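Not measured: the values here are computed from a predicted model. To find a chain, count down the sequence lines: A is the first, B the second, and so on, and within it residues start at 1.
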Amino acid sequence: MHKLRNNIMIHPPFDSNSASRRPDGVNGCRYSTGYYLQLIKQGAEARVYRGRFLGKAAIIKERFPKRYRHPTLDDKLTHRRTAQEVRSILRCRKAGISAPVVYFVDYTSNSIFLEEIEDSVTVRDYINSVLCSGENAEKLIDLANCIGQILSKMHNEDVIHGDLTTSNMLLRDSAKTGCQSLVLIDFGLSYISALPEDKGVDLYVLEKAFLSTHPNTEHVFEALLKSYTTSSKKSLPVIKKLNEVRLRGRKRSMVG
Amino acid sequence: MMHFTQDLELFPNCSVTLLLFKEVQNAAELRKKAMEGLINGALIKPTMIVDAFQVVVATNKAVHLQKLGKLKTRTLYSEIIFNLSPTNNISEAFKKIGISDGDSSVLIVLINEKDINVDRITSQVDGIQIHIDNLQTMADTSTIRKLFKITPQEEKIGTLLDAIVCRLSTKDVC
């Protein structure tokens with residue numbers, strides 16, 4: 001049963017084993033105990049909240065049931081996505097790639113309680129602010145080098161992010177620009193694969209997102225790919241695949 | 001106040017209390033009592049804990065599973081000990097994380113007891129209660145790193161506590 005209010009779908013409370021929960025306006029949800037979570041994003045796949053959890057600032061990502069799917073398939077898919085997200089985060093962290101710490105996973109509501117990366121900006125906002133203020137593009141090349149390096153490390157671990165965009169990368173303590181401050185988030189579509197094809201597609205997704213979000217930054221993305229290539233021996237087959245995938249894309253001639 | 005308390009937001013009326021003791025003389029007796037279910041608390045080796053937060057995380061998960069009737073061990077308190085271990089082997093968890101007969105310090109985890117009834121537990125311990133902040137200094141970080149297989153690159157992007165907590169919360173699918 002859904003209610004439409006101001007064109008925003010209000011989902012009924014979940015059958016969570018904890019205190020009963022209800023939506024609190026369009027901005028949050030409140031538990032009967034008074035615990036309040038502030039809704040910060042509602043996507044097609046999940047709702048993202050922020051709040052305190054066990055004494056820390058946390059982000060709660062809740063994959064809600066999709067009524068348009070067959071219930072059995074929905075259960076399986078949602079659970080799989082939740083588990084994959086969490087697995088990929090741990091795998092990245094073990095390899096020294098910054099990703100939010102997972103505090104708790106509730107498999108009954110498919111909610112992930114994560115560390116909130118405080119005092120951060122998305123790479124998207126950072127790039128836009130540099131471009132808008134007409135500052136030296138040098139800064140962006142440094143950033144591109146960092147991103148290339150980190151993605152290379154990630155692909156070396158056979159982790160495919162699945163949704164690489166500049167909104168899914170954060171810069172912690174935006175004053176410093178060292179590679180240590182780059183944090184990858186939203187591993188919702190991630191999976192493990194050793195195939196250069198999958199890694200190539202991962203980069204292609206980023207390329208498309210990057211160039212459409214930040215017009216006239218081809219040189220920046222080129223630097224990113226260059227850094228990616230030089231950071232690892234396994235990168236050449238990936239770049240080769242990327243070039244093949246580029247030729248394959250939408251509105252492309254399939255003349256061989 | 002030497003002990004530490006944290007409310008569990010997801011579970012109304014549930015709070016976790018941690019008590020830390022040094023110079024404990026009756027560890028064997030305490031362990032025996034705990035095994036017999038005579039102590040309503042989890043008895044843990046403080047040397048295997050770097051911060052109260054990891055205990056709270058393990059407790060939150062234990063309470064969550066208990067409410068679902070899906071505990072992997074027999075009691076809520078044994079579940080906390082199990083959740084603090086990096087592996088899915090229950091007896092290994094008790095050996096590595098739970099109190100041993102020769103231990104001279106103990107960390108006790110209580111659930112739902114705030115300021116009242118703490119004395120009921122403290123009176124059973126033949127040792128000196130110390131402030132929970134001492135946990136950091138008591139941690140045997142090299143054994144912990146080995147047990148949890150923490151990589152050096154992992155500690156460049158976060159603290160040892162971060163690395164441990166991430167493993168504890170994702171243990172069931174990783």
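Listed options N60(B), V57(B), L8(B) were ranked by heavy-atom pairs under 4.5 angstrom with chain A; first place goes to N60(B). Most heavy-atom pairs under 4.5 Å with chain B: of the set R91(A), R52(A), K56(A), this distinction falls to K56(A). Taking V56(B), L168(B), D162(B) one by one and counting their heavy-atom pairs under 4.5 Å with chain A, the maximum is reached by D162(B).
In this structure, K234(A) places its NZ atom where more than 12 heavy-atom neighbours from other residues, nucleotides or ligands lie under 6.0 Å away. At most 12 non-hydrogen atoms from other residues, nucleotides or ligands lie less than 6.0 angstrom from CZ of R50(A). Within a 6.0 Å sphere centred on NZ of K72(B), other residues, nucleotides and ligands contribute more than 12 heavy atoms. Other residues, nucleotides and ligands contribute at most 12 non-hydrogen atoms within 6.0 Å of the NZ atom of K226(A). Heavy atoms of other residues, nucleotides or ligands lying less than 6.0 angstrom from NZ of K45(B) number more than 12. Around the NZ atom of K149(B), the shell of radius 6.0 Å holds no more than 12 heavy atoms that belong to other residues, nucleotides or ligands.
Rounded to the nearest 0.5 Å, atoms SG (C166(B)) and CG (L90(A)) are 5.0 Å apart.
Among the residues in residues 71-84 of chain A, those with a non-hydrogen atom closer than 4.5 angstrom to a non-hydrogen atom of chain B are A83(A). Chain B is approached within less than 4.5 Å, heavy atom to heavy atom, by I97(A), S98(A), V101(A), V102(A), Y103(A), F104(A) from residues 97-104 of chain A, ordered by number.
A heavy-atom distance below 4.5 Å is found between the side chains of L54(A) and E9(B). Using a 4.5 Å heavy-atom cutoff, the side chains of L10(B) and F113(A) are in contact. Under the 4.5 Å side-chain criterion, counting only non-hydrogen atoms from C-beta, Y107(A) is in contact with D172(B).
In this structure, R93(A) and I157(B) approach most closely via the heavy-atom pair O-CD1, 3.7 Å. Here the closest heavy-atom approach between residue T151(B) and residue K94(A) is recorded as OG1-O, 2.8 Å. Closest approach of S169(B) and V105(A) over heavy atoms only: O-CG2, 3.9 Å.
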